[in-house]
Amino acid sequence: TCDGMQKLLGASRVKFSSVKYSHDDNFSKYIAENSPKALRELIAPTGRVAIVMNGATKNRLPHDSSWSIWAQGFMRSWLQRRRATPACWVDMHEELVREELKSWNADYQQHLSESDLPILLRRRVKKYSTSISYPFRGIADWVGETWWPHVSFAGTLDYLILLAGYLSVTELGLYGCDYNTAHERMFQTFGAAHALGFVAGRGVKVTIPRQSCLLWNIRPGDYGREFPHWPYDDDPRHPRWQALDERISRLLARRSNKSR
């Protein structure tokens with residue numbers, strides 16, 4: 001909610017710039033040029049940024065130094081094998097949540113602590129000396145008062161897409177950002193789609209591998225012909241969820257075979 005976002009920002013209300021966004025002025029450039037230097041340095045001189053996650057289409061990442069790579073910390077080994085150096089590591093979880101979620105990776109916390117690269121976090125953490133705080137206030141200013149209440153931060157991808165727009169990148173590539181689990185499709189895909197539409201509308205070229213299922217219209221089905229009965233129930237073990245997930249898996253398999 002808007003109230004929740006304002007609490008997140010640590011203020012009773014968001015204060016917006018007196019400069020109003022217009023497609024006919026240089027407001028995006030103004031915002032980017034006045035953003036923290038540490039954030040501006042995350043952008044390659046070409047203005048191209050590649051967000052890299054762990055989905056199958058990460059292998060479509062171009063072998064091209066003109067891209068500035070933003071990657072989640074656990075992608076370190078894969079990027080090393082690709083001989084690719086990211087511009088920054090990214091983790092949008094609060095510290096306690098981060099420690100719990102990444103407990104499966106024993107080296108994760110140590111990797112962040114010892115990293116010489118910038119680490120983009122929700123809030124800067126002292127134990128990570130190169131960490132950078134996510135610019136919520138700047139993003140709010142760039143989005144503007146009309147759209148800010150509708151912004152979704154439902155997943156890491158939402159944060160990064162909006163940050164790329166805020167920093168005035170010229171091209172944004174999404175590699176491995178496939179959102180192919182049931183949870184991601186249900187709760188995170190729509191936020192990413194909204195953010196992509198927003199930055200594309202402000203002039204950012206968006207590149208998504210055709211093999212990616214990020215924006216495939218696979219849920220809930222063909223409305224009017226086979227739309228399932230509501231409510232599903234919030235429990236993913238509900239028989240209706242399981243039946244729908246089986247149908248989605250079959251659809252994904254068919255589309256995957258066609259794209260080969």
Side-chain angles (χ1 to χ4, degrees), residues 32 38-93 101-102 104-105 107-108 111-112 115-121 130 132 134 154-181 183-185 188-189 191-193 195-200 203-216 218 252-253 255-260:
L39 289 173
R40 297 199 303 274
E41 291 177 346
L42 302 182
I43 307 296
T46 59
R48 305 171 89 186
V49 164
I51 300 173
V52 180
M53 295 184 175
N54 202 32
T57 60
K58 63 180 182 290
N59 295 310
R60 301 286 172 174
L61 175 68
H63 291 275
D64 184 345
S65 60
S66 69
W67 290 86
S68 179
I69 298 172
W70 298 354
Q72 293 169 304
F74 55 80
M75 295 298 297
R76 176 182 56 161
S77 297
W78 183 85
L79 288 168
Q80 286 174 341
R81 292 195 295 272
R82 284 287 297 258
R83 298 182 180 179
T85 302
C88 68
W89 301 117
V90 175
D91 195 318
M92 290 292 107
H93 301 96
L101 288 178
K102 301 301 187 295
W104 53 269
N105 189 331
D107 298 329
Y108 184 76
H111 159 55
L112 293 184
S115 177
D116 294 328
L117 296 174
I119 305 168
L120 182 65
L121 304 175
T130 59
I132 307 170
Y134 188 84
T156 296
L157 197 52
D158 304 13
Y159 289 90
L160 300 185
I161 292 169
L162 291 173
L163 178 62
Y166 164 68
L167 294 174
S168 289
V169 306
T170 56
E171 183 174 2
L172 178 63
L174 306 182
Y175 300 97
C177 310
D178 299 341
Y179 277 1
N180 55 2
T181 68
H183 174 85
E184 290 168 336
R185 288 194 301 268
Q188 295 181 290
T189 296
L196 283 172
F198 197 89
V199 300
V204 177
K205 178 183 177 181
V206 176
T207 299
I208 304 174
R210 66 183 179 84
Q211 296 84 359
S212 175
C213 56
L214 174 62
L215 297 181
W216 284 4
I218 56 177
L252 285 172
R255 290 188 175 180
S256 178
N257 290 333
K258 287 181 180 179
S259 65
R260 289 175 182 171

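Predicted, not measured: the structure shown is a model, and the values here were computed from it.
Looking at every heavy atom in both residues, Trp89 comes nearest to Gly73 through CE3-CA, 3.7 Å. Here the shortest heavy-atom pairing between Ser66 and Thr46 reads O-OG1, 2.5 Å. Leu157 approaches Ala192 most closely through the heavy-atom pair CD2-CB, 4.0 Å. Counting all heavy atoms, side chain and backbone alike, Asp178 lies closest to Cys213 at O-SG, 3.3 Å. Residue Thr57 comes nearest to Cys177 through the heavy atom pair OG1-N, 4.1 Å, listed as atom of the first residue, atom of the second, then distance. Trp67 approaches Leu172 most closely through the heavy-atom pair CZ3-C, 4.3 Å.
With contacts defined as side-chain heavy-atom distances shorter than 4.5 Å, the pair Leu121/Ile132 does not qualify. Residues Tyr134 and Leu120 form a side-chain contact, since some pair of their non-hydrogen atoms from C-beta on lies under 4.5 Å apart. Between Leu215 and Ile208 there is a side-chain heavy-atom pair separated by less than 4.5 Å. For the pair Ser212/Leu174, no side-chain contact is recorded, criterion being any heavy-atom separation below 4.5 Å from C-beta on.
Counting only residues at least two apart or on different chains, the salt bridge (Lys or Arg N to Asp or Glu O under 4.0 Å) pairs with a member in residues 43-64 are Arg48-Asp64, Arg48-Glu171.
If you take CE on Met53 and CZ on Phe74, they are separated by 7.5 Å, rounding to the nearest 0.5 Å. Atom OG1 of Thr130 is separated from atom CD1 of Ile119 by 3.5 Å, given to the nearest 0.5 angstrom. Summarising the geometry, atom CD1 belonging to Ile69 is positioned 8.0 Å from atom CZ belonging to Arg82; distances are rounded to the nearest 0.5 Å. Atom OG1 of Thr85 is separated from atom CG of Asp116 by 11.5 Å, given to the nearest 0.5 angstrom. With values rounded to the nearest 0.5 angstrom, Cys88 atom SG is found 11.0 Å from Gln72 atom CD. Taking CG of Asp158 as the start and CG of Leu163 as the end, the distance is 12.5 Å to the nearest 0.5 Å.
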Q | Test log, rule side-chain contact (heavy atoms from CB on, under 4.5 Å), inputs Ile161 and Val206 | A | CA-CA 10 Å; Ile161 292 169; Val206 176; over 6 Å; no
Q: Show the numbers, then the answer: is there a side-chain contact (heavy atoms from CB on, under 4.5 Å) between Leu39 and Leu167?
A: CA-CA 8 Å; Leu39 289 173; Leu167 294 174; 4.1 Å; yes
**Q.** Residues Trp78, Asn54; criterion side-chain contact (heavy atoms from CB on, under 4.5 Å); working and verdict
**A.** CA-CA 9 Å; Trp78 183 85; Asn54 202 32; 5.7 Å; no
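Under the side-chain hydrogen bond (donor to acceptor under 3.5 Å, both in side chains) criterion, Asn180 pairs with no residue, sequence neighbours left out. Taking the side-chain contact (heavy atoms from CB on, under 4.5 Å) definition, one finds that Ala87 meets it with Ser68, Trp70, sequence neighbours left out. With sequence neighbours excluded, the residues that form a side-chain contact (heavy atoms from CB on, under 4.5 Å) with Gln188 are Tyr179, His183, Glu184. Remark: Arg83 engages no residue in a side-chain contact (heavy atoms from CB on, under 4.5 Å) (not counting sequence neighbours). Remark: Thr189 engages no residue in a side-chain hydrogen bond (donor to acceptor under 3.5 Å, both in side chains) (not counting sequence neighbours).
For the side chain to side chain contact (heavy atoms under 4.5 Å, CB included) with Val90, the qualifying choice from Leu160, Ile51, Leu42 is Leu160, the only one to do so.
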